[in-house]
Amino acid sequence: MQPPLPDGIIHLPMCLSAEEQNALLEDIRAIVAEAPLYTPRMPKTGKPMSVRMTNCGSLGWVTDKENGYRYQDTHPFTGKSWPAIPDRLLALWEEHSSYPHPPEACLINFYEQGAKMGLHQDKDEANFDAPVLSVSLGDDCLFRIGGSSRGGPTKSIRLSSGDVIILGGEGRLNYHGVDKIYPNTSPLLKNGGRINLTLRRVTSL
DNA sequence: TAGTACCG
DNA sequence: GAGA
């Protein structure tokens with residue numbers, strides 16, 4: 001018997017201790033050294049996003065002008081396979097997702113001061129049964145969540161370093177985005193900014 | 001419409 | 001700055 005899958009929007013404040021956050025940060029630094037952050041571009045228009053990205057896992061989420069949103073198994077600039085997902089993130093997934101298979105993708109988003117992420121759905125996966133698990137590191141942000149269709153009411157919450165958000169079940173396809181980074185609100189990143197890690201199951205299983 | 005402008 |  002398995003525990004039930006998380007349902008709705010679940011916010012776990014201070015899910016990770018300062019020590020865990022620092023250890024995770026070291027893992028991320030090693031990944032970024034191998035798979036550098038790059039500036040993704042919007043489909044068709046080619047407009048740059050303000051957030052820089054990279055991935056770890058067997059698949060990574062990418063976007064560019066020519067081919068749009070998709071998952072692929074290599075870094076778009078180096079052409080190399082993505083680095084493996086760190087064990088501590090796999091453990092976090094096991095603890096909180098209740099999903100019987102490991103995540104395939106971990107999108108790493110880096111927000112510097114002024115960076116934003118418009119309201120969107122995570123819907124490029126073939127699997128909507130598995131929850132999406134997101135980890136915040138570094139400066140606080142204003143996170144906005146709506147319903148599963150555009151144009152409805154939204155609510156905003158402030159996320160801090162070490163917080164975990166789970167979008168599962170009825171909340172899996174809810175719109176969400178980042179309106180603002182609050183500068184100098186965390187000592188974790190010496191140069192400031194915010195890192196978001198998003199763990200996802202891409203294929204069905 | 002994973003951005004941006006603009007309105008209040 | 002916040003919400004649609």
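Numbered from 1 within each chain, the chains take letters A, B, ... in sequence-line order.
Spacing between atom CZ of A:Arg144 and atom P of C:dG1 amounts to 14 Å, rounded to whole angstrom units. In this structure, the CG atom of A:Asp179 is 11 Å from the P atom of C:dG1, given to the nearest Å. Rounded to a whole Å, the NZ atom of A:Lys65 is 17 Å from the P atom of B:dA2. Regarding A:Asn55, its CG atom lies at a distance of 17 Å from the P atom of B:dA2, rounded to whole Å. Here B:dT4 presents its C1' atom at 15 Å from CE of A:Met117, a figure rounded to the nearest Å. Distance NE2 (A:His176) to P (C:dG3): 18 Å, rounded to an integer number of Å. For the pair A:Glu125 CD and B:dA2 C1', the interatomic distance rounds to 12 Å; values are reported in whole Å. What separates CG of A:Asp140 from P of C:dG1 is a distance of 15 Å, to the nearest Å.
Of the candidate nucleotides C:dG1, B:dT4, B:dA2, C:dG1 has the atom lying nearest to any side-chain atom of A:Lys180. For A:Pro153, counting side-chain heavy atoms from C-beta on, the closest listed nucleotide (B:dT1, C:dG3, C:dA4) is C:dA4. Candidate nucleotides B:dA2, B:dT4, C:dA4 were compared by shortest atom distance to the side chain of A:Lys47, and B:dT4 ranks first.
Under the Watson-Crick or G-U wobble criterion, with both distances below 3.5 Å, B:dG8 is left unpaired in every strand shown.
Nucleic acid contact for A:Arg200: base, since at least one base atom lies under 4.0 Å from a heavy atom of the residue. Counting any heavy atom pair closer than 4.0 Å across all strands shown, A:Ser156 reaches sugar-phosphate atoms only and no base atom. Using a 4.0 Å heavy-atom criterion, one finds that A:Asp124 contacts the bases of the nucleic acid, with or without backbone contacts as well.
No donor-acceptor contact under 3.5 angstrom links the side chains of A:Thr203 and A:Asn127, judged on distance only. In the model, A:Tyr182 has no side-chain atom that pairs as donor or acceptor with a side-chain atom of A:Arg194 under 3.5 Å. For A:Asn196 and A:Thr198, the side-chain atoms include at least one donor-acceptor pair closer than 3.5 Å. Between the side chains of A:Thr39 and A:Arg52, no donor N or O sits under 3.5 Å from an acceptor N or O.
One finds no salt bridge joining A:Glu125 and A:Arg201 here, because no Lys/Arg side-chain nitrogen approaches an Asp/Glu carboxylate oxygen to under 4.0 Å.
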Stepwise side chain to side chain donor-acceptor pair (under 3.5 Å) check, A:Asp122 with A:His120
CA-CA 7 Å; A:Asp122 289 9; A:His120 68 278; 3.2 Å; yes
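Nucleotides B:dG8 and B:dT4 have their P atoms positioned 23 Å apart, rounded to a whole Å. When the C1' atom is compared between B:dA2 and B:dC7, the two are found 23 Å apart, to the nearest whole Å. Annotation: C:dG3 and B:dT1 have their C1' atoms spaced 15 Å apart (nearest Å).
The side chain of A:Thr154 contributes an N or O atom lying less than 4.0 Å from OP1 or OP2 of C:dA4. One finds a side-chain N or O of A:Arg150 lying less than 4.0 angstrom from the OP1 or OP2 phosphate oxygen of B:dA2.
A stacked arrangement is not assigned to A:Tyr175 and the six-membered base ring of B:dA2, the conditions of a centre distance below 5.5 Å and an interplanar angle below 30° not being jointly met.
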